[in-house]
Asks: 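Take this structure, written in structure tokens, and hold onto it; I'll ask about it next.
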Amino acid sequence: MAVNGSHPLVLRLVSSSLAIAHRAGNIIRDILKKGDLGIVDKGVNDLQTEADRSAQQCIVESLKINFPKITVIGEEDLDTNASVDPNWIETGFNDEVLQCKCPKELQGVTDEQVAHIYDMGVGKLSSKIKTVMLLGSCLGRPS
């Protein structure tokens, strides 16, 4: 389905976020298959993995390309000028989400009103490595 201005921003943002989350998940799986998590100690009980950094780069850059006017906030303090693998950029949308009806009160939301927040964690729980990814949006600018 072609995505254009006829779809409310909220639907486009959720649709894009779902596609981006799938891309980031694939990046995480590829890193985990290598077996070296590239762990960096950021402080007391605060570890960061290559999967954390790479997934955030994918998410932040993809959102910046798809929605250049929204604010994107990520957990990791990454170099915003670092080059990102072009294969990590997701510009697609989830067609199923675009078929949904947007609530009336959200139909007029503009890019300038949205902040997109991202957080994730890759860690070892019991004998398996688990990943948790949170993508969310809020209206209004964060202070």
Side-chain angles (χ1 to χ4, degrees), residues 1-103 106-142:
M1 168 180 290
V3 177
N4 55 41
S6 67
H7 293 91
L9 173 67
V10 170
L11 286 184
R12 288 183 284 131
L13 186 56
V14 172
S15 174
S16 175
S17 295
L18 186 55
I20 292 168
H22 283 290
R23 176 69 55 103
N26 289 333
I27 292 168
I28 292 166
R29 276 190 287 280
D30 290 345
I31 291 169
L32 294 178
K33 284 179 189 174
K34 290 191 283 186
D36 179 9
L37 294 180
I39 296 173
V40 175
D41 190 351
K42 298 188 313 181
V44 178
N45 295 323
D46 193 9
L47 302 177
Q48 179 190 84
T49 68
E50 180 184 348
D52 292 320
R53 294 185 298 274
S54 299
Q56 180 165 316
Q57 286 180 320
C58 163
I59 292 167
V60 171
E61 289 304 311
S62 297
L63 285 168
K64 282 182 183 178
I65 288 169
N66 292 341
F67 306 96
K69 294 181 183 176
I70 70 169
T71 299
V72 180
I73 302 167
E75 175 193 13
E76 308 303 345
D77 187 20
L78 300 177
D79 181 0
T80 56
N81 296 318
S83 63
V84 176
D85 184 335
N87 294 316
W88 290 1
I89 305 299
E90 178 59 63
T91 57
F93 292 83
N94 179 282
D95 290 338
E96 190 174 336
V97 172
L98 293 174
Q99 297 294 327
C100 295
K101 184 173 180 167
C102 183
L106 297 177
Q107 289 180 4
V109 171
T110 65
D111 296 48
E112 292 83 7
Q113 293 175 288
V114 175
H116 201 73
I117 302 162
Y118 158 76
D119 190 10
M120 75 161 287
V122 177
K124 188 166 183 158
L125 301 174
S126 67
S127 62
K128 296 186 178 187
I129 293 179
K130 303 288 184 186
T131 302
V132 175
M133 187 180 312
L134 304 170
L135 293 169
S137 294
C138 65
L139 295 179
R141 292 290 189 183

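Along the sequence shown, the residues carry numbers beginning at 1. Because only heavy atoms are used, hydrogens play no part in the values below, and waters and symmetry mates are left out as well, while side chains stay in.
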Asks: Which residues pass the salt bridge (Lys or Arg N to Asp or Glu O under 4.0 Å) test with K101, not counting sequence neighbours?
Replies: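 Partners of K101 under the salt bridge (Lys or Arg N to Asp or Glu O under 4.0 Å) test: none.
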Asks: How would you list, by chain and number, every residue that makes a side chain to side chain donor-acceptor pair (under 3.5 Å) with D30, sequence neighbours excluded?
Replies: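 Applying side chain to side chain donor-acceptor pair (under 3.5 Å) to D30 gives none.
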Asks: Which of these passes side-chain contact (heavy atoms from CB on, under 4.5 Å) with C58: D85, I27, L63?
Replies: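 Exactly one pass, corresponding to I27.
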Asks: Taking only residues two or more places apart in sequence, or in another chain, which ones meet N26 in a side chain to side chain contact (heavy atoms under 4.5 Å, CB included)?
Replies: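 N26 satisfies side chain to side chain contact (heavy atoms under 4.5 Å, CB included) with R29 once adjacent residues are dropped.
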Asks: Which value, rounded to the nearest 0.5 Å, describes the distance between N94 atom CG and I20 atom CD1?
Replies: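 It is 11.5 Å, given to the nearest 0.5 Å.
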Asks: If every non-hydrogen atom of H7 is compared with every non-hydrogen atom of R12, which pair is closest and at what distance?
Replies: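 Scanning both residues completely, I find the closest heavy atoms to be O-NE, 2.9 Å.
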Asks: With sequence neighbours left out, what residues match P103 under side chain to side chain contact (heavy atoms under 4.5 Å, CB included)?
Replies: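 Listed in chain order: E105, L106.
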Asks: What's the spacing between D95 CG and S15 OG if we round to 0.5 Å?
Replies: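 Going from the CG atom of D95 to the OG atom of S15 covers 7.0 Å.
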Asks: Return the set of residues passing side chain to side chain contact (heavy atoms under 4.5 Å, CB included) with I89 (not counting sequence neighbours), or none when no residue passes.
Replies: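 I89: side chain to side chain contact (heavy atoms under 4.5 Å, CB included) contacts with E61, S62, I65, V84, T91.
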Asks: If you look at every heavy atom in P8 and Q107, which pair is closest and at what distance?
Replies: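 The answer is CB-O, 4.1 Å.
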Asks: Please check if the side chain of E112 supplies one atom and the backbone of K69 the other of a donor-acceptor pair under 3.5 Å.
Replies: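 The answer is no, because no donor-acceptor pair under 3.5 Å joins these two groups.
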Asks: Using 0.5 Å steps for rounding, measure from the CG atom of D111 to the CG atom of L9.
Replies: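 Taking CG in D111 and CG in L9, the distance rounds to 5.0 Å.
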Asks: Quick one: list whatever passes side chain to side chain donor-acceptor pair (under 3.5 Å) with N66, sequence neighbours left out.
Replies: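 With sequence neighbours excluded, N66 shows a side chain to side chain donor-acceptor pair (under 3.5 Å) to S16, given in chain and number order.
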Asks: Walk me through whether F67 and V72 qualify under side-chain contact (heavy atoms from CB on, under 4.5 Å).
Replies: CA-CA 10 Å; F67 306 96; V72 180; over 6 Å; no
Asks: Would you say that L13 contacts V109 through its side chain, given a criterion of any heavy-atom pair below 4.5 Å between the two side chains?
Replies: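 No, their side chains stay 4.5 Å or more apart.
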